Novice: 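If you scroll down you'll find the structure; I have some questions about it.
Quantities reported herein were computed from a predicted structural model and do not represent experimental measurements.
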Amino acid sequence: MRTMNLLKILFPSPFKIHRLVEVLSILLFLVFSGLCLYEFGTLSWSAFQDTPWIFLSELVALLFLAYITADFLSGFVHFLGDSFGNEFTPYIGPAFIFPFRDHHVDPKGITRHDFVETNGNNCLVSLPILLYCFFAPLESGNFPWARTFWILVLVGIFFTNQIHKWAHQDEPNKLIKYMQKKRWILSPEHHKIHHTAPYDTYFCITTGWWNPLLHKIRFFPTVKKSVDYFLNFLHIG
């Protein structure tokens, strides 16, 4: 009975192939990210024993760099989804572009998404890098800093849509509210700027730390203008 109830939650009627892909993507992401972190944790022990304070300071710096990288990537992907193509774009339109466009029509819609619908697409696009990090051979004798960095970036990306969902909830729990207030994660007040017409700024949705700087230097309008010019040059679009 419990198994049947779980299956009904994971695969509500009517059955959709993309839902199956999302569920499998989340499961694979959790398994392989856990295995990678365990492996790198094991490798870090010898480095920690040799120079504990240096290793810890490097690890803290790596965590910070990975977190802000995830924030920047969340903004860049969000910008692409809002700015190019449409829901009829082959392959990526219905599954990836449509949610971005529909979100501006119904901003509270994301709060009605369950865990799978909220996080499945992020896990799916992260899997190729994650699988490479797990299966590619490691160089003996050296701690895999670069690979650990990308694993931590992917973990940040995994949480991004959940953080985005919390920013739209009317009453998230007290811990989430506290983290939003401290600006450790995206806050509703900060994200409201993006949902103000013409919806062309403040795209970063993990922490939003990049948004003021990118807005000031007009990063995304410049990228859009450059891409539009290039597509027009190629007679595409």
Novice: Which residues satisfy the ring-ring contact (aromatic ring centres under 6.0 Å, His included) test with W209, sequence neighbours excluded?
Specialist: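 ring-ring contact (aromatic ring centres under 6.0 Å, His included) list for W209, sorted by chain: Y67.
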
Novice: Rounded to the nearest 0.5 Å, how far apart are CD1 of I129 and CD1 of I157?
Specialist: 7.0 Å

Novice: Mark yes when over 12 heavy atoms from residues, nucleotides or ligands other than W166 sit less than 6.0 Å from its CH2; otherwise mark no.
Specialist: yes

Novice: Output the rest of the hydrophobic cluster of I110: all Ile, Leu, Val, Met, Phe, Trp and Tyr residues reachable through side-chain heavy-atom contacts under 4.5 Å, sorted by chain and number.
Specialist: none

Novice: Quick one: list whatever passes side chain to side chain contact (heavy atoms under 4.5 Å, CB included) with Y199, sequence neighbours left out.
Specialist: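 For Y199, the residues satisfying side chain to side chain contact (heavy atoms under 4.5 Å, CB included) (neighbours in sequence not counted) are H104, A197.
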
Novice: Which donor-acceptor pairs under 3.5 Å do the side chains of residues 50-66 make with protein atoms, sequence neighbours left out?
Specialist:
unit_1	atom_1	unit_2	atom_2	d
S57	OG	W53	O	3.2
S57	OG	I54	O	2.7

Novice: Taking ring-ring contact (aromatic ring centres under 6.0 Å, His included) as the test, write out the residues that go with Y178, two or more places apart.
Specialist: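 Listed in chain order: W184.
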
Novice: Identify which one of F219, W210, F220, F72 satisfies the ring-ring contact (aromatic ring centres under 6.0 Å, His included) criterion when paired with F203.
Specialist: F220

Novice: So T89 and F84, side chain to side chain contact (heavy atoms under 4.5 Å, CB included) or not? Walk me through it.
Specialist: CA-CA 9 Å; T89 300; F84 301 103; over 6 Å; no

Novice: With side chain to side chain contact (heavy atoms under 4.5 Å, CB included) as the test, would you mind laying out the steps for W150 and V153 before giving the verdict?
Specialist: CA-CA 5 Å; W150 283 111; V153 169; 4.0 Å; yes

Novice: For atom CZ of F100, decide whether the heavy atoms of other residues, nucleotides or ligands shown that lie under 6.0 angstrom number more than 12.
Specialist: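 Count over threshold, so yes.
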
Novice: Apply the side chain to side chain donor-acceptor pair (under 3.5 Å) test between T206 and each candidate in T160, T69, N161; give the one that qualifies.
Specialist: T160

Novice: Kindly give the heavy-atom pair with the smallest separation between N122 and S126, and that separation in Å.
Specialist: O-OG, 2.7 Å

Novice: Should Y132 and L154 be counted in the same cluster of Ile, Leu, Val, Met, Phe, Trp and Tyr side chains packed under 4.5 Å apart?
Specialist: no

Novice: Under a 3.5 Å threshold, yes or no: a donor from one side chain and an acceptor from the other, between H78 and H194?
Specialist: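 H194 and H78 do have a side-chain donor-acceptor pair below 3.5 Å.
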
Novice: Enter the distance from E22:CD to L124:CG here, rounded to the nearest 0.5 Å.
Specialist: 8.0 Å

Novice: Search all heavy atoms of G81 against all heavy atoms of R101 and return the closest pair with its distance.
Specialist: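 Shortest heavy-atom contact: O-NE, 2.8 Å.
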
Novice: Distance only, no hydrogens: is a donor on one side chain within 3.5 Å (strictly under) of an acceptor on the other, for T201 and H215?
Specialist: yes

Novice: Indicate every side-chain donor-acceptor pair of residues 32-43 with a distance under 3.5 Å to a residue at least two apart or in another chain.
Specialist:
unit_1	atom_1	unit_2	atom_2	d
S33	OG	F29	O	2.6
S33	OG	L30	O	3.3
T42	OG1	Y38	O	2.9

Novice: To which residues is I193 joined in a hydrophobic cluster, defined by side-chain heavy-atom contacts under 4.5 Å among Ile, Leu, Val, Met, Phe, Trp and Tyr, whether direct or through other members?
Specialist: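 Via sub-4.5 Å side-chain contacts, I193 links to Y202.
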
Novice: Measure the acute angle between the ring planes of F79 and F76, then classify it against the limits of 30° and 60° as parallel, tilted or perpendicular.
Specialist: tilted

Novice: Any sub-3.5 Å donor-acceptor pair from S83's side-chain atoms to L80's backbone N or O?
Specialist: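 The answer is no, because no donor-acceptor pair under 3.5 Å joins these two groups.
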
Novice: Once you round to the nearest 0.5 Å, how far does CG of L28 lie from CG of L130?
Specialist: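 Nearest 0.5 Å value for the CG-CG distance: 9.0 Å.
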
Novice: Could you give all pairs that pass the salt bridge (Lys or Arg N to Asp or Glu O under 4.0 Å) test and reach residues 162-173, with sequence neighbours left out?
Specialist: K108-D170, E171-K177

Novice: Quick one: salt bridge (Lys or Arg N to Asp or Glu O under 4.0 Å) pairs with a partner in residues 216-227, sequence neighbours left out?
Specialist: K224-D228

Novice: Determine which pairs satisfy salt bridge (Lys or Arg N to Asp or Glu O under 4.0 Å) with at least one residue from residues 59-87, sequence neighbours left out, and list them in order.
Specialist: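 Sorted pair list comes back empty.
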
Novice: Hey, any chance L186 and L73 share a hydrophobic cluster, counting ILVMFWY side chains that come within less than 4.5 Å of each other, even indirectly?
Specialist: yes

Novice: Would you say that H190 contacts T207 through its side chain, given a criterion of any heavy-atom pair below 4.5 Å between the two side chains?
Specialist: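 They are not in side-chain contact.
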
Novice: For G120 and S25, work out which heavy atoms get closest and say how close.
Specialist: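 What the structure gives for the nearest pair is O-CB, 4.0 Å.
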
Novice: Determine whether L138 and R147 satisfy the following criterion, side chain to side chain contact (heavy atoms under 4.5 Å, CB included), listing intermediate values before the conclusion.
Specialist: CA-CA 9 Å; L138 293 169; R147 207 172 299 190; 3.3 Å; yes

Novice: Under a 4.5 Å side-chain heavy-atom rule over Ile, Leu, Val, Met, Phe, Trp and Tyr, are L175 and I185 clustered together?
Specialist: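 Yes, same cluster.
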
Novice: Going by the rule side chain to side chain contact (heavy atoms under 4.5 Å, CB included), which residues pair with E189 if we only count those two or more places apart in sequence or in a different chain?
Specialist: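 Counting only residues at least two positions away or on another chain, E189 forms a side chain to side chain contact (heavy atoms under 4.5 Å, CB included) with S187.
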
Novice: Within the 3.5 Å criterion, strictly below it, is a donor on N119 or H113 matched to an acceptor on the partner's side chain?
Specialist: no

Novice: Whether the side chain of S74 engages the backbone of I205 through a donor-acceptor N/O pair (distance < 3.5 Å, no angle test) should be reported.
Specialist: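 Yes.
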
Novice: Treat each ILVMFWY residue as a node, draw an edge where side-chain heavy atoms are under 4.5 Å apart, and state whether F96 and V77 are in one component.
Specialist: no

Novice: Might you work through the side chain to side chain contact (heavy atoms under 4.5 Å, CB included) test for E117 and R112, ending with a clear yes or no?
Specialist: CA-CA 9 Å; E117 189 173 358; R112 299 189 292 273; over 6 Å; no

Novice: Test of understanding: with side chain to side chain contact (heavy atoms under 4.5 Å, CB included), list the residues that count as partners of D102, not counting sequence neighbours.
Specialist: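 With neighbours one apart ignored, the set is F98, V105.
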
